Amino acid sequence: MKVRIWIIASLLVGGFVAGTTYKRWSPAARLATGLDSPMWSGPAVARGAGLSVDENNNIEVYKQAHEATVNITSTVYRQNWFLEIYPSKESGSGFFIDKTGRILTNNHVVSGRAPEVQVTLSNGEKYKATVVYKDPVNDLALLKVQPRREAKYLPLGDSEHLQVGQKVLAIGNPFGLDGTLTTGIVSSLGRDIADESGRKLEGMIQTDAAINPGNSGGPLLDSNGNVIGINTAIYGPGGNIGIGFAMPINRAKTMIESYQSNKPYGRPRLGVDVIYVYGDLATELGLPEEGGLLVQQVAQGSAAAQVGLRGARDVVVIGNYQIGVGGDLIMALDGTKVDRIDSLSRILARKHPGDKVELTLYRGGRKVKMSVTLGEASQDL
């Protein structure tokens, strides 16, 4: 009997040990240990996801543009309250516009007394640059270097026919991080902003492409890689909050044409502040539904004042806005219908001081035409 009990006990203990130590003893054990199946689902060999059409476009534009974009460092000399002269460093971006080494940037990047300007290319080469032309009113400057080989450069596009919502790409050196690409859209057109010195920059392109300190002077590109603006300013202190501004490239093209032809360059000025009204708002103000640019103020002594353009004579409140009424409504410029807020700045971008512009006005219940000889905006620094 004892032998029989011992045999049965031995069989039970042996079965228990074998069952708990054999790795494939049951389906439940296989599920718990996961040794026969992977711990994730997916292909056995990882493969990179295919790039979208938009991603490929970003890559192609960057390949084309980043070698033509440069880092600019300028040492300028400033004066403090004690009339002491001291050096101050500024940094920004720029880009080649031809193979001979001409570079476009912002004036504020190289402004100051006798700036010493250094340009660093994407491959690390450094060159001393000369400031050959300035347009302080539009915050533009033209530099020249002597590259050791033909420079890669960017084609200049057309900023007159931009549309809100179209894709844009910005390349520059924010915070000294060279070759940075950001993307966004044209958020608005015809924005007027004030620079650090209080000077008014008119007809700017607003974009949500990230622009930060160091981006100033870099190119704003369309999806074909054409430069349509020069990154100039951001809204708010310190860094990007999704509201940046670029100077339309057509302003720079006018400056370059004047430089090449050795003609005096100046920014034409009409001398009016306007708002764009149309549709129900225009009708509510007693104006034609197609609307136009409603003159709010006329600057004393300006070209507009000399021909008798009329500003607002009263103010009305519509919604949350105060609107000056009683002034002239500009409905067309040189025969082209006014259809957006930057219509005036687009026309002026193609003009020079002394040129004429024909205005079609709505005044006193009827349309009248008036020719104005444009004045010149102050170039004071």
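Worth saying up front: this structure is predicted, and the values here are computed from it rather than measured. Position 1 is the first residue of the sequence; numbering continues from there.
A donor-acceptor pair under 3.5 Å is formed between the side chain of K253 and the backbone N or O of G157. Side-chain N or O atoms of D139 include one that pairs as donor or acceptor with a backbone N or O of H108 at under 3.5 Å. With hydrogens and angles ignored, the 3.5 Å screen pairs a side-chain donor or acceptor of K144 with a backbone N or O of T100. Between the side chain of N123 and the main chain of E125, a donor-acceptor pair closer than 3.5 Å is present. Between the side chain of S93 and the backbone N or O of N173 there is at least one donor-acceptor pair closer than 3.5 Å. Using a distance-only test at 3.5 Å, with no hydrogens or angles considered, a donor-acceptor pair links the side chain of D98 to the main chain of G101. Between the side chain of D208 and the backbone N or O of I185, at least one donor-acceptor pair lies under 3.5 Å. Judged by distance alone, with hydrogens and angles left aside, the side-chain atoms of N106 form a donor-acceptor pair with the main-chain N or O of G217 at under 3.5 Å. The closest donor-acceptor contact from the side chain of Y276 to the backbone of D339 lies under 3.5 Å.
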Criterion side-chain contact (heavy atoms from CB on, under 4.5 Å) on R269 and V137, from CA distance to verdict: CA-CA 11 Å; R269 181 172 183 255; V137 170; over 6 Å; no
Pair L281-I323, side-chain contact (heavy atoms from CB on, under 4.5 Å): steps then yes or no: CA-CA 11 Å; L281 177 57; I323 298 176; 4.0 Å; yes
Go through the steps for N107 and L140 under the test side-chain contact (heavy atoms from CB on, under 4.5 Å), then give the verdict. CA-CA 5 Å; N107 179 62; L140 297 171; 5.7 Å; no
When you look at H66 and L181, which way does the side-chain contact (heavy atoms from CB on, under 4.5 Å) test go after all the steps? CA-CA 8 Å; H66 90 279; L181 171 71; over 6 Å; no
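By the criterion of side-chain heavy atoms lying less than 4.5 angstrom apart, applied directly or through intervening Ile, Leu, Val, Met, Phe, Trp or Tyr residues, V315 is not grouped with V325; the two fall into different hydrophobic clusters. Y259 and L154 end up in the same hydrophobic cluster when Ile, Leu, Val, Met, Phe, Trp and Tyr side chains are linked at under 4.5 Å. Note on V145: it clusters hydrophobically with V131, by side-chain heavy-atom contacts below 4.5 Å among ILVMFWY residues. Under the 4.5 Å side-chain heavy-atom criterion for grouping Ile, Leu, Val, Met, Phe, Trp and Tyr, I249 is not connected to L348 through any hydrophobic cluster. Neither V272 nor M204 shares a network with the other; the hydrophobic side chains, linked directly or stepwise wherever heavy atoms of I, L, V, M, F, W or Y lie under 4.5 Å apart, form separate groups for each.
Rounded to the nearest 0.5 angstrom, K128 NZ and L143 CG are separated by 13.0 Å. To the nearest 0.5 Å, atoms CZ (R346) and CD1 (I341) are separated by 11.5 Å. Note that the CD1 atom of I103 and the OG1 atom of T69 stand 10.5 Å from one another [nearest 0.5 Å]. Within the model, atoms CD1 of I211 and OG of S216 stand 8.0 Å from one another, a figure rounded to the nearest 0.5 Å. If you take CG on D222 and CD on Q166, they are separated by 6.5 Å, rounding to the nearest 0.5 Å. A distance of 4.0 Å separates CZ in R363 from CZ in R310, rounded to the nearest 0.5 Å.
Taking the side chain as every heavy atom from C-beta outward, H352 and S258 approach each other to under 4.5 Å. Under the 4.5 Å side-chain criterion, counting only non-hydrogen atoms from C-beta, N250 is not in contact with R350. The shortest side-chain heavy-atom distance between R251 and I230 does not fall under the 4.5 Å cut-off. With contacts defined as side-chain heavy-atom distances shorter than 4.5 Å, the pair M370/D328 does not qualify. Within the 4.5 Å cutoff, the side chain of L359 has heavy atoms near those of the L333 side chain. Taking 4.5 Å as the limit, some side-chain heavy atom of R148 sits within range of a side-chain heavy atom of Y127. Under the 4.5 Å side-chain criterion, counting only non-hydrogen atoms from C-beta, L270 is in contact with L374. For the pair L329 and V277, the minimum side-chain heavy-atom distance is below 4.5 Å.
Pairing each heavy atom of D342 with each of R340, the nearest pair is OD1-NE, 2.6 Å. Listed here is the closest heavy atom pair of G172 and N215: CA-ND2, 3.5 Å. Scanning both residues, P288 and A282, for their nearest heavy atoms gives O-CB, 3.3 Å. The two residues Y278 and E290 come nearest to each other via the heavy atoms CB-O, 3.9 Å. Shown here for N57 and K167, the closest heavy-atom pair between the two residues is OD1-NZ, 2.9 Å. Considering all non-hydrogen atoms of both residues, Y362 and M331 come closest at CB-SD, 3.7 Å.
For T207, there are no side chain to side chain donor-acceptor pair (under 3.5 Å) partners, not counting sequence neighbours.
Residue pairs meeting the side-chain hydrogen bond (donor to acceptor under 3.5 Å, both in side chains) criterion with at least one partner in residues 180-190, sequence neighbours excluded, are S188-R191.
Through chains of ILVMFWY side-chain contacts below 4.5 Å, V168 is grouped with L162, V164, V186, L189, I205, L220, I228.
Residue-environment remark: NZ (K152) stays at or below the threshold of 12 foreign heavy atoms within 6.0 Å. Enclosure of atom CD in Q297 is not indicated, since only 12 or fewer non-hydrogen atoms of other residues, nucleotides or ligands lie within 6.0 angstrom.
Side chains of K369 and T360: no donor on one and acceptor on the other come within 3.5 Å. A donor-acceptor pair shorter than 3.5 Å cannot be found between the side chains of S52 and D54.
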